[in-house]
Number of protein chains: 2
Amino acid sequence: MKTIEVDEELYRYIASNTRHIGESASDILRRLLKLDEQLASVRRQPAPPVATAQGIHKILEQGELARQEAAIDRFMLILSELYKENPAAFAQASDIKGRKRIYFSDSEESLLAAGNTTKPKAIADSPYWVITNTNTGRKRNIVAQLMAAMGYSHGLIEQVCQSI
Amino acid sequence: MKTIEVDEELYRYIASNTRHIGESASDILRRLLKLDEQLASVRRQPAPPVATAQGIHKILEQGELARQEAAIDRFMLILSELYKENPAAFAQASDIKGRKRIYFSDSEESLLAAGNTTKPKAIADSPYWVITNTNTGRKRNIVAQLMAAMGYSHGLIEQVCQSI
DNA sequence: GAACGGATCGGGGGGATATTTC
DNA sequence: ACGAAATATCCCCCCGATCCGT
């Protein structure tokens, strides 16, 4: 991170273009300057086609999920499977966040920056990281939000969360 | 002068756009953002012909509104969209107020000063703030008043308020 | 920042409802 | 004094992250 000086008016202009709380000056400027043009146009787009959910069914049915001792292992396994099943949908859905923490990111640092002791972990077979310092209820919650945004059915979501 | 933090890449991008030695970061950003032109165009007040209402229709139809969990999120999204659709009309319409509270302002302080615990929030992509400590009925009310003053049709106003 | 999982509890936001004002 | 409208208190629930147990 570098520090630069900007005049009052420019500062207010930048601040007025905040999209959501906690958005950094860098993020805002990048958007305004269209620095990541191609990425931006890909995001935000059409509804994710519901995945086949084969991988999810597989870990549910052949007990791979149940075999995990701790909630966090089940949590991480599910996330990894969700990513593999539909990377594009996962990418779109993964911008869910809490009141101040960001839940997913492609970098450990940004997760650390958005909260204290968030204990980020890398999601296996994916470029993503998740926050991990949460109780089990919230882990269920995060999975439910993610799956909903990815287009999975309510029933399957319930089933998966049940088993965390 | 205020200082902001920017990431490495952005910093290099800004530096690479120096026109002459000694040019300040502020100057470069102002040029890149075309800030002076933009401010001028806002000040020019280009008569508020009823906007096309494209943005409003968009968030209504493609479910972005419905996707918001809480009433306040829908409220804030609508206001942001209304501003973007017609900044000049918004500016003129936004002086609506209650018995003692001011509803909109370009500063948090003035909203705080005009009432107790008004819980002001910044409107995304705009220089405005709104009061937030109201029940849902009043939120509808505020949106209705604002849209009416901006010249939207009764039908569309009803539709939008319904969905808050 | 290094053990780690995650329950528990403090803090804060949303907004219905009680209260106040006209 | 009564009703309607506006205010803002206050309760509930959600989120964060400390800290306890393993």
Side-chain angles (χ1 to χ4, degrees), chain A residues 18 20-22 65-80 95-105 107-124 129-146 148 161-164, chain B residues 65-80 94-105 108-124 129-146 148 161-164:
Chain A
T18 305
H20 58 80
I21 43 138
L65 238 197
R67 203 170 302 131
Q68 306 300 322
E69 246 332 282
I72 196 175
D73 298 322
R74 292 185 289 270
F75 180 64
M76 297 303 293
L77 176 59
I78 289 164
L79 293 179
S80 176
D95 61 357
I96 56 181
K97 37 177 100 59
R99 206 154 25 224
K100 40 179 318 214
R101 291 149 133 189
I102 298 168
Y103 292 159
F104 296 91
S105 167
S107 87
E108 182 181 11
E109 295 76 41
S110 56
L111 296 183
L112 287 169
N116 302 334
T117 0
T118 52
K119 301 188 189 173
K121 273 192 162 54
I123 301 176
W129 290 71
V130 219
I131 248 146
T132 262
N133 182 203
T134 66
N135 55 35
T136 305
R138 181 140 311 281
K139 290 193 182 76
R140 288 200 180 95
N141 206 304
I142 292 173
V143 168
Q145 278 187 65
L146 182 72
C161 286
Q162 211 84 335
S163 67
I164 290 182
Chain B
L65 239 196
R67 199 167 302 131
Q68 305 300 323
E69 216 22 64
I72 195 173
D73 297 322
R74 292 185 289 270
F75 181 65
M76 298 303 293
L77 176 59
I78 289 165
L79 294 178
S80 176
S94 66
D95 59 358
I96 56 180
K97 36 176 98 60
R99 201 146 43 214
K100 44 178 311 211
R101 291 150 132 190
I102 299 168
Y103 293 158
F104 296 91
S105 165
E108 182 180 12
E109 294 75 42
S110 57
L111 296 183
L112 286 169
N116 302 335
T117 6
T118 52
K119 301 189 189 173
K121 272 193 163 50
I123 301 177
W129 291 71
V130 219
I131 248 146
T132 262
N133 182 204
T134 66
N135 55 34
T136 305
R138 181 138 311 277
K139 289 193 182 80
R140 288 199 181 94
N141 205 304
I142 292 172
V143 168
Q145 279 186 65
L146 182 72
C161 286
Q162 210 83 336
S163 67
I164 291 182

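Letters A, B, ... are given to chains in the order of the sequence lines, protein chains preceding strands, and every chain is numbered from 1.
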- Query: Taking CD1 from B/Ile96 and P from D/dT7, how many angstroms apart are they, rounded to a whole number?
  - Reply: 11 Å
- Message: D/dC14, OP1 or OP2 - any side-chain N/O from A/Asn141 closer than 4.0 Å?
- Response: no
- Task: Choose from C/dG1, C/dG14, D/dT9 the nucleotide whose nearest atom is closest to any side-chain atom of A/Glu108.
- Result: C/dG1
- Would you mind reading off the distance between B/Phe75 atom CZ and C/dG13 atom C1', rounded to a whole angstrom? 15 Å
- Message: Check this for me: does the side-chain of A/Lys139 come within 3.5 Å of the base of C/dG6 through a donor and an acceptor?
- Response: no
- Note on the structure: Comparing A/Asp73 with A/Pro120, nearest DNA chain C nucleotide closer to 5' gives the residue A/Pro120
- Message: Does A/Glu69 reach a base, just sugar-phosphate, or nothing at all? Heavy atoms under 4.0 Å.
- Response: nothing
- Message: Regarding A/Lys100, tell me which of base, sugar-phosphate or nothing describes its non-hydrogen contacts under 4.0 Å with the strands shown.
- Response: sugar-phosphate
- Message: Of the listed nucleotides (C/dG15, D/dA17, D/dC14), which one gets closest to any side-chain atom of A/Arg138?
- Response: D/dC14
- So does B/Lys121 reach the base of C/dG13 with its side chain, donor to acceptor, closer than 3.5 Å? no
- Task: Check the distance between C/dG14's P and B/Leu77's CG and give it to me in whole angstrom.
- Result: 15 Å
- CG of A/Leu111 to CG of A/Asn133: how many Å apart, nearest 0.5 Å? 12.0 Å
- Message: How long is the straight-line distance from CD1 of A/Ile142 back to CZ of A/Arg101, given to the nearest 0.5 Å?
- Response: 8.0 Å
- Nearest-0.5 Å distance that lies between atom CG in A/Leu112 and atom CD1 in A/Ile102: 10.5 Å
- Task: Hey, could you give me the NZ/OG1 distance between B/Lys100 and B/Thr118, rounded to the nearest 0.5 Å?
- Result: 10.5 Å
- Item | Short side-chain N/O contact from B/Arg101 to OP1 or OP2 of D/dA8, under 4.0 Å | yes
- Message: Without decimals, in angstroms, what is the distance between A/Lys97 NZ and D/dG16 P?
- Response: 12 Å
- Query: Is the phosphate of D/dT9, meaning OP1 or OP2, less than 4.0 Å from a side-chain N or O of B/Thr117?
  - Reply: yes
- May I ask you to test the B/Ile123-B/Met76 pair for a side-chain heavy-atom distance under 4.5 Å? yes
- Message: Rounded to whole Å, please give me the gap between CG in A/Leu111 and P in D/dG16.
- Response: 12 Å
- Item | P spacing across the pair C/dG1 / D/dA17, given as an integer number of angstrom | 16 Å
- Item | Side-chain heavy atoms of A/Leu146 within contact of A/Tyr103, under 4.5 Å | no
- Item | Nearest-angstrom distance from the residue atom CD of B/Gln68 to P of C/dG13 | 18 Å
- Message: Quick check: do A/Thr134 and A/Phe75 have side-chain heavy atoms less than 4.5 Å from each other?
- Response: no
- Nucleotide C/dG14, atom P - distance to CZ of B/Arg74 in whole Å: 12 Å
- Rounded to the nearest 0.5 Å, what's the gap from OG on B/Ser163 to CZ on B/Arg140? Could you check? 8.5 Å
- Encode nucleotides 16-22 of chain C as B, S and - characters from 5' to 3', where the letter depends on protein heavy atoms closer than 4.0 Å: B to the base, S only to sugar-phosphate, - to neither. BB---BS
- Query: How would you label the contact of B/Tyr103 with the nucleic acid (heavy atoms, under 4.0 Å): base, sugar-phosphate, or nothing?
  - Reply: sugar-phosphate
- Nearest-angstrom distance from the residue atom NZ of B/Lys119 to P of D/dT7: 15 Å
